[in-house]
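Note sheet for the following structure.
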Amino acid sequence: MTRRRKGPADARRRETMIIIGAGLGGLSTGAYAQMNGYRSHVLEMHDVPGGCCTAWERGDFTLDACVSWMLGSGPGNEMHQIWLELGALQGKEVRHFDVFNVVRGQDGRAVYFYSDPDRLQAHLTALSPADERRVRDFCDRLRAFRKALAVYPFLKPVGLMGRVERWRMLASFLPYFNAVRASISVLMSEYSARFQDPLLRQAFNFVLYEKHPNFPVLPTHFQLASHANLSAGVPEGGSLGLARSVEQRYLRLGGRVRYNAKVEEVLVEEDRAVGVRLSDGSELRADIVVSACDGPTTMRKLLGGRYLDDDYRKLYTETIDQPGMVFPGYFTLFLGLDRSFPEADPCTTYLLDEDVASQLTGIRHPSINVQFRSRHYPELSPRGTTVVYVTYFCDIAPWRALDEGPEQVTRSRGGQELHTLPVRHGRGYYAAKRRARLALVRFLEERFPGITDAVTVRDVSSPLTHVRYTGNHDGTVLGWQPFVESGEKLEELVKKHGPGLPGLADFYQSGVWATTGGLIRAAAAGRHVMQFVCRDDGREFTADVDRSAPPPTHVVIPVGGGAGRSADPAEPGPHGTERQPL
């Protein structure tokens with residue numbers, strides 16, 4: 001029998017719910033709330049859904065700022081079921097590339113990380129015959145991961161699994177135990193150093209576009225295996241289209257969304273969350289409050305630092321400020337071009353020399369990721385044009401140091417004032433943005449002559465931009481990092497307390513701050529939160545696949561210079577595009 005947590009909710013039947021934030025975590029929570037008979041109301045401070053999963057218009061171009069790949073976009077795994085329950089993919093074309101990412105060294109040599117293990121093994125061995133054994137080992141484990149994805153659990157949180165369920169879950173992983181153990185026990189930085197070829201030693205750190213110093217090998221295997229299984233593509237309509245689809249599913253289920261509604265405080269009476277106060281002074285009441293917005297804002301501001309026991313207080317006032325505990329933010333450059341560049345690969349990470357890197361304020365590692373975004377989303381720009389999307393992992397501190405604008409919102413740590421967030425930015429800030437933009441355009445011009453003259457739209461953002469738009473801590477778009485103290489402690493606390501806070505009834509947290517980053521984890525967090533809510537109310541949790549539209553279709557797009565011609569001489573690409581309804 002499932003143990004039911006006792007609290008103030010036991011004295012009455014909870015029926016209404018307020019959800020703070022219309023990102024994927026908030027919309028997912030609302031959708032599953034409606035499926036389980038609760039009446040929910042989502043409050044969003046902006047006028048569109050999605051949070052960081054968003055896009056915006058600049059002239060004839062839609063600048064898509066999020067989905068470069070989406071785990072669970074294809075069947076054969078529990079992630080996919082969640083997207084179908086949320087109506088995220090129905091009726092859409094999902095695009096897949098036969099190369100997950102290209103990594104180019106300073107000398108122009110390129111590593112094509114094919115999603116197919118056989119092609120990847122042949123390509124890497126051709127690049128470095130001396131590394132044949134290491135390459136074979138990596139690809140063999142990748143083949144094992146392709147099968148392991150079918151049993152990887154996403155539908156139910158481990159904290160709600162009974163002993164038998166946990167044993168069954170562990171037993172399902174036994175055939176893949178060696179591959180998983182080897183992948184999670186070694187950092188990618190250590191693993192990559194074992195290659196003899198100097199480019200491979202660098203490139204393996206950038207398979208996932210940027211370098212993640214604290215990541216073991218496991219996430220690289222997981223992403224590549226998902227890509228190989230056609231379950232890490234991009235959905236037609238892009239990031240905002242994805243958010244709109246989940247929003248529409250939520251509304252069809254009877255939910256309500258109120259935009260331009262900024263929450264300033266969670267109302268608490270007798271250690272129970274009873275509603276929220278908005279920036280206009282109005283108050284809304286509900287039986288349950290779920291925060292699906294920025295975690296530090298929730299804990300420090302909306303709840304005023306109350307209900308943080310020793311573990312949560314340390315997590316949110318000490319651990320969070322240690323290096324590597326939270327995903328960094330991004331510097332982003334969009335370019336709208338008046339012509340296409342078919343010779344460009346859809347997605348490439350370039351390893352930079354120090355001269356270029358020194359012009360990019362806040363850069364964590366000397367690399368940039370460049371996507372010719374119209375290959376992902378041709379419907380988001382006029383025919384014959386291109387959107388270029390350039391990003392790098394970025395520390396926010398150098399941008400704050402450059403800022404000279406007036407002050408607005410005070411951030412604090414443990415009650416001590418740290419600094420404030422600006423309304424306007426000073427000349428140093430804008431000069432740094434301009435310097436980075438010009439350096440990046442020069443870099444692209446050297447590789448794609450004519451790109452400078454083709455620019456008709458440009459858009460630049462820093463981590464401070466993300467803070468202003470989303471309120472996210474230090475501009476992060478993914479929240480807690482996995483595989484480090486913060487992510488591991490969070491998982492431990494959720495198993496112990498559920499996605500709430502000890503001592504505060506009728507309150508839950510959802511979205512990326514209730515888990516460890518990523519779109520599918522934000523979406524799954526909504527499902528998991530509602531499973532805890534139903535547990536606490538003695539209800540049986542239920543969820544249904546949205547059947548209002550047909551299932552998605554899938555398209556595989558070859559990478560390599562366009563028109564079926566491979567830009568990679570070591571491994572010719574297939575000709576044409578393969579459509580696969582799944």
Side-chain angles (χ1 to χ4, degrees), residues 1-10 14 17 20 25 28-29 32 152-170 184 266 268 271-273 288-300 302-322 325-326 414 473 478-518 521-522 524-539 541:
M1 179 179 295
T2 302
R3 182 176 59 86
R4 184 182 177 197
R5 186 178 64 180
K6 294 184 178 181
D10 290 299
R14 303 190 296 179
M17 179 183 300
I20 307 168
S28 170
T29 305
Y32 287 110
Y152 194 91
F154 257 87
L155 295 180
K156 189 173 184 177
V158 176
L160 289 180
M161 290 183 181
R163 183 176 300 176
V164 174
E165 286 179 295
R166 293 192 189 192
W167 276 111
R168 286 176 181 167
M169 178 186 70
L170 293 173
I184 202 170
V266 172
V268 176
D271 297 326
R272 175 189 299 163
I288 300 169
V289 176
V290 178
S291 178
C293 64
D294 178 63
T297 299
T298 298
M299 300 302 178
R300 299 171 180 175
L302 303 187
L303 286 170
R306 296 169 292 174
Y307 303 102
L308 296 179
D309 64 5
D310 291 342
D311 288 329
Y312 270 108
R313 182 171 290 103
K314 181 180 179 182
L315 184 64
Y316 275 99
T317 63
E318 297 180 24
T319 305
I320 195 171
D321 292 312
Q322 297 172 8
M325 295 297 111
V326 173
H473 173 80
L478 293 171
W480 299 114
Q481 283 245 35
F483 311 112
V484 295
E485 179 185 350
S486 58
E488 292 173 353
K489 188 63 178 181
L490 177 72
E491 291 179 2
E492 175 189 321
L493 291 173
V494 171
K495 288 179 184 177
K496 181 178 180 180
H497 302 295
L501 289 173
L504 179 60
D506 301 333
F507 174 83
Y508 302 83
Q509 192 174 18
S510 188
V512 295
W513 290 96
T515 178
T516 50
R521 292 195 176 275
R527 195 182 206 274
H528 294 174
V529 165
M530 286 312 305
Q531 286 173 298
F532 277 101
V533 171
C534 289
R535 187 278 309 266
D536 294 345
D537 286 345
R539 297 191 187 191
F541 175 83

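Numbering starts at 1 and runs along the sequence shown.
Side-chain contact annotation: Asp536 with Tyr508, donor-acceptor N/O pair under 3.5 Å present. In summary, the side chains of Ser510 and Thr29 do present a donor paired with an acceptor at a separation below 3.5 Å, with no hydrogens or angles considered.
Tyr307 is not listed as a side-chain neighbour of Pro502, based on a closest heavy-atom distance of 4.5 Å or more.
For Arg306, the CZ atom counts as densely surrounded, since its 6.0 Å shell holds more than 12 non-hydrogen atoms of other residues, nucleotides or ligands.
With respect to the salt-bridge test (charged N to carboxylate O, under 4.0 angstrom), the residues Lys156 and Glu165 qualify.
Tested against Val268, the residues Leu303, Asp506, Val289 include a single side chain to side chain contact (heavy atoms under 4.5 Å, CB included) partner, Leu303.
Formation of a donor-acceptor pair under 3.5 Å by the Asp537 side chain with backbone atoms of Arg539 is not found in this model. Although no hydrogens or angles enter the test, the distance criterion places a donor-acceptor pair under 3.5 Å between the side chain of Arg313 and the main chain of Leu308. In this structure, the side chain of Gln531 engages the main chain of Leu155 through a donor-acceptor pair within 3.5 Å.
Checked against the 6.0 Å centroid threshold, Tyr312 and Trp513 do not count as a close aromatic pair.
Relative ring orientation between Phe541 and Tyr32 is described as tilted, the plane-to-plane angle lying within the 30° to 60° band.
Here OG1 of Thr515 is found 10.5 Å from CD of Gln509. Values are rounded to the nearest 0.5 Å.
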